[in-house]
Amino acid sequence: MLPTIQVSADRFEDSDVGTYSPENFVERCTLQRNPGAGAGAGADFDPSPLLGVFEATIAKLQEIKVEVAQHISDLEGDVALEETNAQIEVSRIHPMAREVQEALSELSGGMKGVSHKIAHIGNMLENKHHARKRAIRARTVMEHFEAFHSEGELLPPFSDPEPDLHKCAEIIQQLDFICAQLPAEKFGKPTVRIKKKFAEVETELLKHFEHAWTVRDLDGMREYAHALFPFESYQQCVEKFINQFIAQHSAEFAIPEHGAEFTKKTIEKITAAIEKTAVTAKTMIDDVFKYPQQIVAQFLQEIMKTVQFKFIKVVLGGEHEDYLDRLHSTYVQTKELLERLTKDLALADQSGLFQESLLRKLFDEYLGSTYISMEEDSLSKQYLELVNDIGFVAKNPRRAKDEPGGSGRQTKSKKDSKNRGHVRASSNVADSEQSGQTPMQLFNDGNLLSQDVALSMIHENQRALRRCQVLGKPTELPSLAKRIFATLLKGLGEAYVQRGLEFGTSALKAKGPIEVTIKYLDLVHNANSIVYLLQKHFWDTVLPLVRPLVNEYQDCVTHKSAVLQQMETMISDGLSQCLKTAIGHCTTALSKQRKTDFCPPEDSTSFMTETCTEACKQTTLILKQVSAAIKGSLNGKNEDAAFAELGRRFYDTIVYHFRSLTVNEMGMMLLIRDISEFEKCVQSFQNTTCNELLEHIREASSVLLVPAENVRQLCDEPRMTKVPAELVHMFARLRVDYKHANLALHFTVEKQ
């Protein structure tokens, strides 16, 4: 270690050990040499003493520098000497280290060779030992075979008063194997004796196992089970263990008898008992048997068949209104129980085939070919009840009677309604069930086609599809979904919507008040809403289920399209009848036009204050009511098409009406006002075709306002080119001076 250089502070006179400051040092020196000097001494300051101090201090520092340099030189010499000595020592030790490393390498190689030789000798000894052991065992077996062949007394352990069954089992198995290889005609007698002793040993082992099970001797059970493993009765041993174990715990399951109500607490208690019993059995099986996983799987199958199957039969036995819901919930509970047990018992079932196979065995008699028929019958019955409840059965009782479950109104309990899960969201429909409203009354109330009833049907269909997803086989699911959806199409599309539209159309044909037309448009709105709900149900729920099979998907789409096409045709026919009825009401209103409306007396001034005639008011009122109903019921292209057709029919009606009028000069102004009101009313349709037709009437009516000599000029104006000449000619005929002014010469009359 190098020595440390130390410079004492006392070598500097008046030095200050601490933070060095040149200004402070100079100030102290000045005060020490000249106490009277200060910052304000001025000319009295004498620098000579201070200079002496600086010179003395510098001299001391130079001495210290020399001493430090000398000390550093000594240290460098010591370091060089130590480095030289270290190099010499390393040069001496390095050859020795190389020699040691070579010796270690030689020793390691020798040790490897020795270890290989030792391992080889060990293998040789082990082979010799096994060969000797096999020879001893073969000699022992041959001695026992000779004893059986000689018909004399058997050798130990067979001849012992209390033979060692484990040794007997080992020897008799080898003897039995030898007998199987020998010709029966030469060794028939020893073979018979060996077979007999084989059966005796097997029986004794089984009895001892049963005794050990009775006294709960797990060590004894393990020994005898392992001894029985090569015997055929080993499986019998396993079955007896499983059956006795389940029978011993049967009191814990406590499954009620048929007809009992199962609460959630009861079901949880039974499943908990099954899980507890299975886990307890697994612990014992792991401790007793060889290959315990197979036996645990066998135990699980047996307890599910014995206990859970009994529970299933009790729950699903008898007749229940909520049978399908019971079947679904029981299947789900059983599946969840199997999943928990498979996990708790550490059974390797990654593919799920074991669970699926066991589930199918448990529910085989409930999920056969009759299951989907039950779903269809249940849905048909519920749909028919809904349809009958709103009075359709009163319209056509024979048709309702021919359908499944259609023997009239069904009696339903509160429990049935709750289990089916369909809610009477429409109070009017519910009232109709109680008060027996007729379809006409429901039609007038706007409830003949109810979205709430449609939602109830769709909801039931969704529940049936969810049950099919759980209960049906994956390969059969598209076919099941198609059949379930077909039931909805029949119940909702054909039995409900189409029959509702049919009744609405027949109500229109009865030529009732304009309110019937309005109600029919409301009916069309409800039908369109139901079609939307049906389409949404198909795309959201049905399509993902039927898409995997192309044939089922195409059948589903074809059936749906056919039903919707039939609805569309009925709606189209109904709308045509609706517009026909509305125009009929307009015709009736126009027919009440008084002959004097457009021929007022010359001294009359009442027409000056009237905006339009009474017939015009009634007609526009009807149009406004129909227009509002169309806007509330239709949309998009359907609305445009309806307004276009209404406008064309109204155009033909008023043109025909105008042909029969008699108009004088003062009545012309009132007629123009009626036309203006008609045009304003039609403009509310917001339909280009309708606006053009009424614009033609307005332009053609301008022929009533110009002098006779200007009629030709008016007809030649560009704005009149689009107006039919027959329409202009018809308004010209209404002029009082038509014949007098020979206005017919200005028109080309086409032959009719």
Residues 211-219, side-chain donor-acceptor partners within the protein, below 3.5 Å, at least two apart:
from, atom 1, to, atom 2, distance (Å)
W213, NE1, Q244, OE1, 2.5
T214, OG1, E210, O, 2.8
R216, NH1, W213, O, 2.4
R216, NH2, Q248, OE1, 2.5
D217, OD1, D219, N, 3.4
D217, OD1, G220, N, 3.2
D219, OD1, R222, NH1, 3.0
D219, OD1, R222, NH2, 3.3

Check your understanding: What class does the angle between the rings of F209 and F289 fall in, given that below 30° is parallel, 30 to 60° is tilted and above 60° is perpendicular?
Key -> tilted
Practice item. Decide, yes or no, whether a salt bridge links D344 with K282 under the criterion of side-chain N to carboxylate O below 4.0 Å. Key: no
Review point. Looking only at atom types and distance, does a side-chain atom of H208 sit under 3.5 Å from a main-chain N or O of E204, one as donor and one as acceptor?
Key: yes
Check your understanding: Taking the six-membered ring for Trp, are F245 and F299 parallel (under 30°), tilted (30 to 60°) or perpendicular (over 60°)?
Key -> perpendicular
**Study point:** S108 side chain vs L104 backbone, donor-acceptor pair below 3.5 Å
**Key:** no
Exercise for review: Answer yes or no: is there a side-chain heavy-atom contact under 4.5 Å between L206 and L228?
Suggested key: yes
Check your understanding: For C468 and L480, which heavy atoms make the closest approach, and how far apart are they?
Key -> SG-CB, 4.2 Å
Practice item. Look only at the side chain of S329 and the backbone of R326, and say whether a donor-acceptor pair between them is shorter than 3.5 Å. Key: yes
Review point. Would Y496 and Y383 count as a close aromatic pair, with their ring centres under 6.0 Å?
Key: no
Check your understanding: Counting only N and O atoms by type, is there a donor-acceptor contact under 3.5 Å from the side chain of H226 to the main-chain atoms of V288?
Key -> yes
Practice item. Compute the centroid of each ring, for Y366 and then for Y331, and state whether the two points are separated by less than 6.0 Å. Key: no
Check your understanding: Should the ring pair F485 and F538 be called parallel, tilted or perpendicular, given that the plane angle runs from 0 to 90° and is split at 30 and 60?
Key -> tilted
Review point. Taking only residues two or more places apart in sequence or in another chain, which ones pass salt bridge (charged side-chain N to carboxylate O under 4.0 Å, His left out) with R360?
Key: E356
Revision key, fill the gap. From the list T277, I274, T271, side chain to side chain contact (heavy atoms under 4.5 Å, CB included) with V307 holds only for I274
Check your understanding: Less than 4.5 Å apart, any side-chain heavy atom of R467 and any of Y371?
Key -> yes
**Study point:** Minimum side-chain heavy-atom gap I372-I484 below 4.5 Å
**Key:** yes
**Study point:** Residue pairs, two or more places apart or on separate chains, that pass salt bridge (charged side-chain N to carboxylate O under 4.0 Å, His left out) and touch residues 532-555
**Key:** K482-E552, K482-D555, K536-D540
Practice item. Ignoring hydrogens and angles, tell me if any N or O in the side chain of S115 forms a donor-acceptor pair with the backbone of K112 under 3.5 Å. Key: yes
